[in-house]
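First the proteins, then the strands, lettered A, B, ... as listed; each starts at 1.
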2 protein chains.
Amino acid sequence: MSQDIPFPIGDLPHPAREDLVLAQVLFALSDPARLAIVAQLVAGPVDMARCQLQDPSIAKSTKSHLMRVLREAGVIRNEPKGRGRRLSLRRDDLDHRFPGLLDAILASAPAVVAEPI
Amino acid sequence: MSQDIPFPIGDLPHPAREDLVLAQVLFALSDPARLAIVAQLVAGPVDMARCQLQDPSIAKSTKSHLMRVLREAGVIRNEPKGRGRRLSLRRDDLDHRFPGLLDAILASAPAVVAEPI
DNA sequence: CGGATGGTTCAACTATATTCGAACCATGAG
DNA sequence: CTCATGGTTCGAATATAGTTGAACCATCCG
């Protein structure tokens with residue numbers, strides 16, 4: 001039961017809240033680049049085009065892959081928006097399944113201040 | 001500064017508290033087998049010989065490797081004891097560097113009841 | 001309808017992790 | 001000392017993850 005998220009979140013598959021797996025979430029967050037992405041999303045949703053990686057030389061396919069790992073672990077949402085995509089933290093689902101986990105990680109993660117528009 | 005732990009903990013190298021890296025800790029805990037080991041250590045130190053893995057068919061070299069990943073991430077201590085080794089959670093160091101992280105993970109991890117002696 | 005822009009997917013390659021048996025080392029028991 | 005026990009390390013094999021350019025797809029803009 002509950003294969004993917006019940007209501008449409010865009011064309012990409014998102015795991016339902018009850019299908020999140022702790023080890024998978026931890027793995028997704030075990031990479032500094034992915035951790036930095038998550039830190040950027042704490043303040044709120046970010047358009048993918050505006051979400052920068054530390055290393056600007058990274059290929060866009062790689063960036064897309066980073067987002068995929070986070071999405072498939074249930075850490076972020078990735079929904080179409082206009083001609084681009086909008087990324088957001090699935091904080092509610094994470095907090096519900098793993099209370100305190102995200103807070104603890106974010107508190108220890110290097111702060112990433114969102115680039116002003 | 002502070003390469004390894006300042007006081008002797010056995011012959012194996014252990015990272016000092018201030019050298020623990022969040023991403024590395026998360027990675028160490030992102031494997032179900034390692035997560036289960038940690039869960040076993042919550043109740044207190046365990047002799048390695050008594051610390052069982054779910055899959056009993058796993059080679060001892062593999063078990064040793066699992067312990068190494070956890071040790072190198074600073075999650076567990078591994079000190080000589082008699083002719084064997086004693087494993088323990090570095091809860092104090094983890095709590096100090098990443099407050100709430102271990103609690104959150106353990107609360108969400110599948111409980112592993114220690115085998116009675 | 002054409003571009004142009006922004007992302008995903010694919011296939012191939014590289015890099016890193018896992019797993020194992022064998023060899024080795026240390027300790028405690030006899 | 002000698003042996004058995006319990007673990008680590010090594011090297012090789014396998015598996016999984018990361019990275020990339022090219023191809024593709026969708027949306028907006030003109």
What is the separation between atom CD on A:E72 and atom P on D:dG18, rounded to the nearest whole Å?
11 Å
Base C:dG7 paired with A:S64 side chain (donor-acceptor, <3.5 Å):
no
Side chain of B:R85, heavy atoms from C-beta onward: which of D:dG7, C:dC20, C:dT8 has the nearest atom to it?
D:dG7
Atom NZ of B:K63 to atom P of D:dT5: distance rounded to whole Å?
16 Å
Just N and O in the side chain of B:N78: are any of them under 4.0 Å from OP1 or OP2 of D:dT8?
yes
Assign each of A:T62 and B:G84 the nucleotide of DNA chain D bearing its closest heavy atom; nearer the 5' end lies the nucleotide of B:G84
Tell me which of A:L66 and B:R71 sits closer to the 5' end of DNA chain D, going by the nucleotide each one is nearest to.
B:R71
What's the closest nucleotide to the B:L12 side chain, out of D:dT20, C:dT8, D:dT8?
D:dT8
Between B:Q54 (CD) and C:dT19 (P), how many Å, whole number?
11 Å
From the options C:dT27, D:dT9, D:dG18, select the nucleotide whose nearest atom is closest to the side chain of A:V69.
D:dG18
Report yes if a side-chain nitrogen or oxygen of A:R68 is closer than 4.0 Å to either non-bridging phosphate oxygen (OP1 or OP2) of C:dT9; otherwise report no.
yes
Which nucleotide sits closest to the side chain of A:H65: C:dA29, D:dT19, C:dT19?
D:dT19
Please answer: with hydrophobic residues joined when any side-chain heavy atoms are less than 4.5 Å apart, are B:F27 and B:V25 in the same cluster?
no
If the threshold is 4.0 Å, N to carboxylate O, is there a salt bridge linking B:D11 and B:R85?
yes
Applying a 4.0 Å non-hydrogen cut-off, can you work out what A:M67 is touching in the nucleic acid: base, sugar-phosphate, or nothing?
nothing
d(CG, B:D47; P, D:dT5) in whole Å:
17 Å
Tell me what B:R34 touches on the nucleic acid: a base, only sugar-phosphate, or nothing, going by heavy atoms under 4.0 Å.
sugar-phosphate
Single-linkage hydrophobic cluster A:L70~A:L106, side-chain heavy atoms < 4.5 angstrom:
yes
Could you check which of D:dT8, C:dT19, C:dT9 has an atom nearest any side-chain atom of B:K60?
D:dT8
Rounded to whole Å, please give me the gap between CG in B:D11 and P in C:dC24.
19 Å
D:dG7 P sits how many Å from B:I76 CD1, rounded?
12 Å
Please pick, from C:dG7, D:dG7, D:dG6, the nucleotide with the shortest atom-to-atom distance to any side-chain atom of A:A49.
C:dG7
Whole angstroms only, please: what is the CG-P distance between A:L70 and D:dG18?
10 Å
Answer with base, sugar-phosphate or nothing: what part of the nucleic acid does B:D55 contact at a heavy-atom distance below 4.0 Å?
nothing
Between P on D:dA26 and CE on A:M48, what's the gap in Å once rounded to a whole number?
17 Å
Indicate if A:I58 and A:V46 have the same hydrophobic cluster label, given that clusters are the connected sets of ILVMFWY residues with side-chain heavy-atom separations under 4.5 angstrom.
yes
Of the options C:dT5, C:dA29, D:dT9, whose atoms approach the side-chain atoms of B:R83 most closely?
C:dA29
Please say which of A:V75, A:L20, A:D93 ends up in a side chain to side chain contact (heavy atoms under 4.5 Å, CB included) with A:P15.
A:L20
Cationic N near anionic O, under 4.0 Å, A:D103 to A:R91:
yes
